[in-house]
Amino acid sequence: MDNTGALVAEEQAPAGAVADGAGDRDARQERARYWPLLLIGSAVVPGTVVVLLGRWGDAPAVQAWRTVCLAVTVQALPFLLLGTALSGAINAFVPERVFTRVLPRRPVLAVPVAGVAGAVLPGCECASVPVASSLIGRGVAPAAAFAFLLSAPAINPVVLTATAIAFPGNPAMVLARLLASLTAAVVMGWLWLRFGRDEWLRPSVRHTGHQEGHSRWNEFRLGFQHDFLHAGGFLVLGAMAAATFNVAVPRSVLDTFAGAPWLSVLFLAGLAVLLAVCSEADAFLAASLTGFPPVARLAFMVVGPMVDLKLIALQAGTFGRAFAVRFSAATVVVAVACSSVIGGVLL
(Lines give C-alpha, C1' and ligand atoms only; values in the text may rest on other atoms or scores of the structure.)
Protein backbone atom coordinates (compact mmCIF):
# COMPACT_ATOMS: atom_id res chain seq x y z
CA MET A 1 0.00 0.00 0.00
CA ASP A 2 1.05 3.61 -0.31
CA ASN A 3 2.15 3.87 3.30
CA THR A 4 4.54 0.92 3.15
CA GLY A 5 7.63 0.17 1.13
CA ALA A 6 9.69 -2.94 0.43
CA LEU A 7 12.69 -3.19 2.78
CA VAL A 8 14.82 -4.65 0.04
CA ALA A 9 13.98 -1.78 -2.26
CA GLU A 10 15.04 0.70 0.43
CA GLU A 11 18.35 -1.08 0.95
CA GLN A 12 19.12 -1.00 -2.76
CA ALA A 13 17.96 2.57 -3.36
CA PRO A 14 20.28 5.56 -3.05
CA ALA A 15 20.28 7.42 0.23
CA GLY A 16 18.49 10.38 -1.29
CA ALA A 17 15.74 8.17 -2.64
CA VAL A 18 15.27 6.56 0.78
CA ALA A 19 15.05 9.97 2.38
CA ASP A 20 12.49 11.06 -0.18
CA GLY A 21 10.48 7.92 0.48
CA ALA A 22 10.54 8.61 4.22
CA GLY A 23 9.32 12.14 3.54
CA ASP A 24 6.49 10.79 1.41
CA ARG A 25 5.47 8.42 4.18
CA ASP A 26 5.46 11.27 6.71
CA ALA A 27 3.26 13.32 4.40
CA ARG A 28 0.86 10.43 3.91
CA GLN A 29 0.69 9.85 7.66
CA GLU A 30 -0.17 13.52 8.17
CA ARG A 31 -2.94 13.34 5.55
CA ALA A 32 -4.25 10.13 7.08
CA ARG A 33 -5.14 11.99 10.28
CA TYR A 34 -7.96 13.73 8.45
CA TRP A 35 -9.70 10.62 7.16
CA PRO A 36 -12.82 11.11 9.37
CA LEU A 37 -13.61 14.21 7.31
CA LEU A 38 -14.52 11.87 4.44
CA LEU A 39 -17.53 10.58 6.34
CA ILE A 40 -18.74 14.13 6.86
CA GLY A 41 -17.88 15.24 3.33
CA SER A 42 -19.71 12.35 1.70
CA ALA A 43 -22.92 13.63 3.23
CA VAL A 44 -22.19 17.36 3.07
CA VAL A 45 -21.03 17.65 -0.57
CA PRO A 46 -24.45 16.94 -2.17
CA GLY A 47 -26.14 19.29 0.28
CA THR A 48 -23.53 21.97 -0.38
CA VAL A 49 -24.23 21.78 -4.11
CA VAL A 50 -27.92 22.32 -3.43
CA VAL A 51 -27.17 25.35 -1.21
CA LEU A 52 -24.91 26.88 -3.86
CA LEU A 53 -27.71 26.55 -6.39
CA GLY A 54 -29.89 28.78 -4.23
CA ARG A 55 -33.57 28.62 -5.04
CA TRP A 56 -32.86 26.07 -7.79
CA GLY A 57 -31.88 23.71 -5.01
CA ASP A 58 -35.56 23.05 -4.36
CA ALA A 59 -36.18 21.89 -7.93
CA PRO A 60 -37.29 18.23 -8.17
CA ALA A 61 -34.37 17.36 -10.47
CA VAL A 62 -31.82 18.76 -8.00
CA GLN A 63 -33.47 16.97 -5.09
CA ALA A 64 -33.43 13.74 -7.08
CA TRP A 65 -29.73 14.27 -7.87
CA ARG A 66 -28.91 14.73 -4.20
CA THR A 67 -30.90 11.64 -3.24
CA VAL A 68 -29.18 9.42 -5.79
CA CYS A 69 -25.74 10.79 -4.92
CA LEU A 70 -26.24 10.14 -1.23
CA ALA A 71 -27.75 6.71 -1.89
CA VAL A 72 -24.78 5.55 -3.98
CA THR A 73 -22.26 6.93 -1.49
CA VAL A 74 -23.93 5.57 1.65
CA GLN A 75 -24.56 2.22 -0.02
CA ALA A 76 -20.91 1.81 -0.97
CA LEU A 77 -19.18 3.28 2.11
CA PRO A 78 -19.60 0.22 4.39
CA PHE A 79 -18.04 -2.03 1.76
CA LEU A 80 -15.26 0.45 1.11
CA LEU A 81 -14.64 0.45 4.86
CA LEU A 82 -14.53 -3.35 4.84
CA GLY A 83 -12.19 -3.43 1.85
CA THR A 84 -9.70 -0.92 3.20
CA ALA A 85 -9.68 -2.63 6.63
CA LEU A 86 -9.10 -6.02 5.02
CA SER A 87 -6.44 -4.54 2.77
CA GLY A 88 -4.61 -2.99 5.72
CA ALA A 89 -4.79 -6.26 7.64
CA ILE A 90 -3.40 -8.24 4.70
CA ASN A 91 -0.52 -5.84 4.26
CA ALA A 92 0.36 -5.57 7.95
CA PHE A 93 -0.26 -9.06 9.31
CA VAL A 94 -0.22 -11.66 6.52
CA PRO A 95 3.25 -12.97 5.56
CA GLU A 96 4.08 -13.16 1.88
CA ARG A 97 4.70 -16.91 2.11
CA VAL A 98 0.95 -17.45 2.68
CA PHE A 99 0.13 -16.27 -0.82
CA THR A 100 2.95 -18.24 -2.43
CA ARG A 101 1.59 -21.39 -0.82
CA VAL A 102 -2.08 -20.84 -1.66
CA LEU A 103 -1.68 -19.73 -5.27
CA PRO A 104 0.09 -21.77 -7.95
CA ARG A 105 3.53 -20.48 -8.83
CA ARG A 106 2.69 -20.23 -12.51
CA PRO A 107 0.66 -17.04 -13.05
CA VAL A 108 -1.37 -18.67 -15.82
CA LEU A 109 -2.72 -21.14 -13.24
CA ALA A 110 -2.91 -18.59 -10.42
CA VAL A 111 -5.42 -16.49 -12.39
CA PRO A 112 -8.34 -18.98 -12.36
CA VAL A 113 -7.60 -19.93 -8.73
CA ALA A 114 -7.76 -16.25 -7.73
CA GLY A 115 -10.95 -15.84 -9.76
CA VAL A 116 -12.65 -18.69 -7.90
CA ALA A 117 -11.33 -17.31 -4.59
CA GLY A 118 -13.39 -14.19 -5.24
CA ALA A 119 -16.45 -16.17 -4.20
CA VAL A 120 -15.43 -16.06 -0.53
CA LEU A 121 -15.49 -12.25 -0.09
CA PRO A 122 -19.07 -11.03 0.53
CA GLY A 123 -18.47 -7.45 -0.57
CA CYS A 124 -19.03 -5.12 -3.47
CA GLU A 125 -16.63 -3.69 -6.03
CA CYS A 126 -15.60 -0.89 -3.66
CA ALA A 127 -14.07 -3.45 -1.29
CA SER A 128 -12.24 -5.42 -3.96
CA VAL A 129 -10.07 -2.55 -5.26
CA PRO A 130 -8.01 -1.93 -2.11
CA VAL A 131 -7.80 -5.67 -1.44
CA ALA A 132 -6.40 -6.31 -4.93
CA SER A 133 -3.87 -3.52 -4.40
CA SER A 134 -2.76 -5.11 -1.15
CA LEU A 135 -2.48 -8.54 -2.78
CA ILE A 136 -0.13 -7.13 -5.40
CA GLY A 137 1.90 -5.56 -2.63
CA ARG A 138 2.20 -8.94 -0.93
CA GLY A 139 3.73 -10.58 -3.98
CA VAL A 140 0.64 -11.87 -5.80
CA ALA A 141 0.90 -11.62 -9.58
CA PRO A 142 -1.09 -8.60 -10.82
CA ALA A 143 -2.98 -10.80 -13.28
CA ALA A 144 -4.25 -12.98 -10.41
CA ALA A 145 -5.07 -9.96 -8.25
CA PHE A 146 -7.08 -8.39 -11.06
CA ALA A 147 -9.00 -11.63 -11.64
CA PHE A 148 -9.91 -11.54 -7.95
CA LEU A 149 -10.83 -7.85 -8.22
CA LEU A 150 -13.37 -8.59 -10.95
CA SER A 151 -14.81 -11.83 -9.61
CA ALA A 152 -15.20 -10.97 -5.91
CA PRO A 153 -18.10 -8.50 -6.29
CA ALA A 154 -19.84 -10.60 -8.95
CA ILE A 155 -19.87 -14.22 -7.75
CA ASN A 156 -19.84 -14.02 -3.95
CA PRO A 157 -22.71 -15.76 -2.09
CA VAL A 158 -24.49 -12.52 -1.18
CA VAL A 159 -24.72 -11.40 -4.81
CA LEU A 160 -25.82 -14.80 -6.10
CA THR A 161 -28.46 -15.09 -3.36
CA ALA A 162 -29.78 -11.63 -4.23
CA THR A 163 -29.92 -12.65 -7.89
CA ALA A 164 -31.92 -15.77 -7.04
CA ILE A 165 -34.38 -13.67 -5.02
CA ALA A 166 -34.68 -11.04 -7.77
CA PHE A 167 -35.33 -13.73 -10.40
CA PRO A 168 -37.51 -16.31 -8.58
CA GLY A 169 -38.03 -19.56 -10.42
CA ASN A 170 -35.21 -18.73 -12.85
CA PRO A 171 -32.06 -20.56 -11.66
CA ALA A 172 -30.63 -20.28 -15.18
CA MET A 173 -30.13 -16.55 -14.62
CA VAL A 174 -28.12 -17.21 -11.45
CA LEU A 175 -25.98 -19.82 -13.20
CA ALA A 176 -25.49 -17.57 -16.22
CA ARG A 177 -24.35 -14.70 -14.01
CA LEU A 178 -21.92 -16.96 -12.15
CA LEU A 179 -20.37 -18.44 -15.30
CA ALA A 180 -20.28 -15.20 -17.31
CA SER A 181 -18.74 -13.20 -14.46
CA LEU A 182 -16.14 -15.83 -13.59
CA THR A 183 -15.21 -16.33 -17.24
CA ALA A 184 -14.83 -12.59 -17.80
CA ALA A 185 -12.64 -12.25 -14.70
CA VAL A 186 -10.35 -15.12 -15.70
CA VAL A 187 -10.08 -13.93 -19.30
CA MET A 188 -9.14 -10.44 -18.14
CA GLY A 189 -6.50 -11.91 -15.86
CA TRP A 190 -4.99 -13.84 -18.73
CA LEU A 191 -5.16 -10.79 -21.00
CA TRP A 192 -3.24 -8.75 -18.44
CA LEU A 193 -0.73 -11.57 -18.16
CA ARG A 194 -0.19 -11.42 -21.92
CA PHE A 195 -0.47 -7.72 -22.70
CA GLY A 196 -0.30 -5.86 -19.37
CA ARG A 197 2.71 -3.69 -18.48
CA ASP A 198 4.03 -2.87 -15.03
CA GLU A 199 4.60 0.76 -16.00
CA TRP A 200 0.82 1.18 -16.27
CA LEU A 201 0.65 0.68 -12.50
CA ARG A 202 1.67 3.31 -10.01
CA PRO A 203 5.08 2.60 -8.43
CA SER A 204 3.48 2.70 -4.99
CA VAL A 205 1.33 -0.27 -6.02
CA ARG A 206 4.25 -2.24 -7.44
CA HIS A 207 6.52 -1.79 -4.40
CA THR A 208 4.78 -2.47 -1.12
CA GLY A 209 5.22 -4.72 1.84
CA HIS A 210 5.75 -4.77 5.58
CA GLN A 211 8.40 -2.46 7.02
CA GLU A 212 10.67 -4.18 9.49
CA GLY A 213 10.94 -2.41 12.81
CA HIS A 214 7.47 -0.85 12.58
CA SER A 215 4.55 -1.80 14.80
CA ARG A 216 2.17 -3.90 12.73
CA TRP A 217 -0.87 -2.41 14.45
CA ASN A 218 0.39 1.10 13.76
CA GLU A 219 1.12 0.10 10.17
CA PHE A 220 -2.39 -1.29 9.85
CA ARG A 221 -3.91 1.90 11.28
CA LEU A 222 -1.99 4.25 9.01
CA GLY A 223 -2.58 2.12 5.94
CA PHE A 224 -6.30 1.85 6.63
CA GLN A 225 -6.68 5.59 7.24
CA HIS A 226 -4.74 6.59 4.14
CA ASP A 227 -6.49 4.18 1.79
CA PHE A 228 -9.96 4.92 3.10
CA LEU A 229 -9.48 8.67 2.70
CA HIS A 230 -7.85 8.31 -0.72
CA ALA A 231 -10.36 5.87 -2.21
CA GLY A 232 -13.34 7.52 -0.53
CA GLY A 233 -12.76 10.80 -2.33
CA PHE A 234 -12.95 9.04 -5.68
CA LEU A 235 -16.05 7.20 -4.53
CA VAL A 236 -17.85 10.49 -3.90
CA LEU A 237 -16.84 11.81 -7.34
CA GLY A 238 -18.14 8.63 -8.98
CA ALA A 239 -21.40 8.88 -7.06
CA MET A 240 -21.89 12.46 -8.24
CA ALA A 241 -21.33 11.42 -11.87
CA ALA A 242 -23.79 8.52 -11.54
CA ALA A 243 -26.40 10.81 -10.00
CA THR A 244 -26.01 13.30 -12.84
CA PHE A 245 -26.73 10.60 -15.40
CA ASN A 246 -29.76 9.35 -13.47
CA VAL A 247 -31.30 12.79 -13.50
CA ALA A 248 -30.25 13.95 -16.96
CA VAL A 249 -31.33 10.96 -19.10
CA PRO A 250 -35.11 10.71 -19.64
CA ARG A 251 -37.02 7.43 -19.38
CA SER A 252 -37.99 7.59 -23.05
CA VAL A 253 -34.36 7.00 -24.03
CA LEU A 254 -34.41 3.66 -22.19
CA ASP A 255 -37.55 2.53 -23.99
CA THR A 256 -36.02 3.31 -27.39
CA PHE A 257 -33.38 0.60 -27.06
CA ALA A 258 -35.52 -2.11 -25.48
CA GLY A 259 -36.81 -3.54 -28.75
CA ALA A 260 -33.48 -4.18 -30.51
CA PRO A 261 -31.67 -7.30 -29.14
CA TRP A 262 -28.05 -6.25 -29.77
CA LEU A 263 -28.66 -2.60 -29.05
CA SER A 264 -30.37 -3.55 -25.80
CA VAL A 265 -27.30 -5.54 -24.69
CA LEU A 266 -24.96 -2.67 -25.44
CA PHE A 267 -27.29 -0.12 -23.93
CA LEU A 268 -27.77 -1.96 -20.64
CA ALA A 269 -24.03 -2.61 -20.45
CA GLY A 270 -23.41 1.12 -20.82
CA LEU A 271 -26.21 1.87 -18.38
CA ALA A 272 -24.57 -0.38 -15.78
CA VAL A 273 -21.36 1.63 -16.12
CA LEU A 274 -23.15 4.93 -15.66
CA LEU A 275 -25.63 4.03 -12.92
CA ALA A 276 -22.94 2.60 -10.57
CA VAL A 277 -25.38 0.39 -8.67
CA CYS A 278 -23.83 -1.76 -5.93
CA SER A 279 -23.50 -5.41 -6.93
CA GLU A 280 -25.69 -6.53 -4.01
CA ALA A 281 -28.60 -4.47 -5.40
CA ASP A 282 -28.18 -4.52 -9.18
CA ALA A 283 -30.12 -7.77 -9.67
CA PHE A 284 -33.32 -6.13 -8.42
CA LEU A 285 -32.87 -3.25 -10.82
CA ALA A 286 -32.18 -5.68 -13.67
CA ALA A 287 -35.32 -7.65 -12.79
CA SER A 288 -37.36 -4.45 -13.01
CA LEU A 289 -36.23 -3.84 -16.60
CA THR A 290 -38.86 -6.22 -17.95
CA GLY A 291 -38.94 -4.59 -21.37
CA PHE A 292 -35.40 -5.79 -22.11
CA PRO A 293 -34.47 -9.36 -23.15
CA PRO A 294 -32.83 -11.69 -20.58
CA VAL A 295 -29.39 -11.52 -22.24
CA ALA A 296 -29.37 -7.73 -21.98
CA ARG A 297 -30.30 -7.89 -18.30
CA LEU A 298 -27.54 -10.45 -17.76
CA ALA A 299 -25.05 -8.08 -19.38
CA PHE A 300 -26.22 -5.36 -16.98
CA MET A 301 -25.44 -7.60 -13.98
CA VAL A 302 -22.09 -8.82 -15.34
CA VAL A 303 -20.70 -5.46 -16.46
CA GLY A 304 -21.89 -3.41 -13.46
CA PRO A 305 -19.79 -5.06 -10.72
CA MET A 306 -16.70 -4.93 -12.94
CA VAL A 307 -16.90 -1.47 -14.52
CA ASP A 308 -18.86 1.57 -13.36
CA LEU A 309 -18.13 5.23 -12.77
CA LYS A 310 -17.25 4.92 -9.11
CA LEU A 311 -15.14 1.81 -9.77
CA ILE A 312 -13.22 3.53 -12.58
CA ALA A 313 -12.56 6.43 -10.22
CA LEU A 314 -11.41 4.07 -7.48
CA GLN A 315 -9.12 2.19 -9.86
CA ALA A 316 -7.64 5.43 -11.16
CA GLY A 317 -6.97 6.61 -7.64
CA THR A 318 -5.47 3.29 -6.54
CA PHE A 319 -3.62 1.92 -9.58
CA GLY A 320 -3.29 5.01 -11.76
CA ARG A 321 -5.19 6.53 -14.66
CA ALA A 322 -3.15 4.68 -17.31
CA PHE A 323 -4.30 1.38 -15.84
CA ALA A 324 -7.92 2.39 -15.24
CA VAL A 325 -8.54 3.57 -18.80
CA ARG A 326 -7.09 0.50 -20.49
CA PHE A 327 -8.36 -2.08 -18.03
CA SER A 328 -11.90 -0.72 -17.83
CA ALA A 329 -12.31 -0.51 -21.61
CA ALA A 330 -11.07 -4.06 -22.12
CA THR A 331 -13.23 -5.36 -19.27
CA VAL A 332 -16.41 -3.93 -20.80
CA VAL A 333 -15.70 -5.69 -24.12
CA VAL A 334 -14.89 -9.02 -22.46
CA ALA A 335 -17.86 -8.85 -20.07
CA VAL A 336 -20.32 -8.07 -22.87
CA ALA A 337 -18.91 -10.90 -25.00
CA CYS A 338 -19.14 -13.41 -22.14
CA SER A 339 -22.68 -12.31 -21.28
CA SER A 340 -23.82 -12.60 -24.88
CA VAL A 341 -22.33 -16.06 -25.44
CA ILE A 342 -23.24 -17.66 -22.10
CA GLY A 343 -26.59 -15.88 -21.91
CA GLY A 344 -27.42 -16.97 -25.44
CA VAL A 345 -26.85 -20.59 -24.46
CA LEU A 346 -28.50 -20.69 -21.03
CA LEU A 347 -31.29 -18.11 -21.25
Side-chain angles (χ1 to χ4, degrees), residues 61 64-65 67-69 71-72 75-76 124-125 150 153-155 159 162-163 166-167 170 172-185 187-188 238-315 324-347:
W65 180 91
T67 300
V68 174
C69 185
V72 173
Q75 185 183 48
C124 75
E125 55 272 22
L150 296 178
I155 66 172
V159 169
T163 305
F167 293 89
N170 190 5
M173 182 63 79
V174 181
L175 179 60
R177 180 173 194 177
L178 170 63
L179 295 179
S181 299
L182 180 58
T183 302
V187 169
M188 281 303 302
M240 294 174 67
T244 301
F245 176 83
N246 270 274
V247 173
V249 178
R251 177 70 186 183
S252 58
V253 175
L254 305 181
D255 298 334
T256 303
F257 292 89
W262 283 105
L263 282 179
S264 64
V265 170
L266 296 177
F267 181 77
L268 284 193
L271 189 65
V273 175
L274 296 170
L275 289 183
V277 181
C278 190
S279 59
E280 275 80 10
D282 62 356
F284 299 98
L285 179 56
S288 69
L289 300 173
T290 54
F292 290 85
V295 176
R297 289 187 280 175
L298 174 64
F300 180 87
M301 294 186 293
V302 174
V303 173
M306 297 184 177
V307 186
D308 62 35
L309 288 179
K310 69 177 185 297
L311 186 55
I312 294 173
L314 287 170
Q315 289 180 358
V325 171
R326 293 174 173 85
F327 192 78
S328 298
T331 301
V332 170
V333 175
V334 172
V336 169
C338 292
S339 302
S340 301
V341 173
I342 295 177
V345 173
L346 297 180
L347 302 178

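What you see is a predicted model; the values in this text were computed from it and never measured.
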Only counting residues at least two apart or in another chain, list the ones meeting side chain to side chain contact (heavy atoms under 4.5 Å, CB included) with Val174. Leu160, Thr163, Ala164

Return the minimal non-hydrogen interatomic distance between Pro153 and Pro305, and the atom names on each side. CG-O, 3.5 Å

Any residue meeting side chain to side chain contact (heavy atoms under 4.5 Å, CB included) with Ala162, in chain and number order, not counting sequence neighbours: Phe284

Ile155: what forms a side chain to side chain contact (heavy atoms under 4.5 Å, CB included) with it, not counting sequence neighbours? Ala119, Ser151, Leu178, Ser181, Leu182

Sorted by first residue and then second, give each side chain to side chain donor-acceptor pair (under 3.5 Å) pair with at least one member in residues 329-347; sequence neighbours left out. none

For Val303 and Ala335, the nearest pair of non-hydrogen atoms, with its separation, is CG2-CB, 3.8 Å

For Val273 and Ile312 the tightest heavy-atom approach is CG1-CD1, 4.4 Å

Over all atoms of both residues, closest heavy-atom pair of Arg297 and Ala286: CD-O, 2.8 Å

Considering all heavy atoms, the nearest Phe167-Ala283 contact: CE1-O, 3.7 Å

Contacts of Ala337 that satisfy side chain to side chain contact (heavy atoms under 4.5 Å, CB included) - sequence neighbours left out: none

Using the test ring pair (Phe, Tyr, Trp, His ring centres under 6.0 Å), find all partners of Phe327 that sit at least two apart in sequence or belong to another chain. Phe146, Phe323

Any side-chain heavy atom of Val341 sitting closer than 4.5 Å to one from Thr183? no

Roughly how far, to the nearest 0.5 Å, is CG of Leu271 from CG of Asp308? 11.5 Å

Stepwise, does the side chain to side chain contact (heavy atoms under 4.5 Å, CB included) test hold for Arg177 with Val159? CA-CA 10 Å; Arg177 180 173 194 177; Val159 169; 3.4 Å; yes

Check Ala185 against Met306 and note the closest heavy-atom contact, atom names and distance. N-CE, 4.1 Å

The reported gap from CG in Leu298 to CE in Met173 (rounded to nearest 0.5 angstrom) is 6.0 Å

Does a side-chain heavy-atom distance below 4.5 Å link Phe292 with Phe267? yes

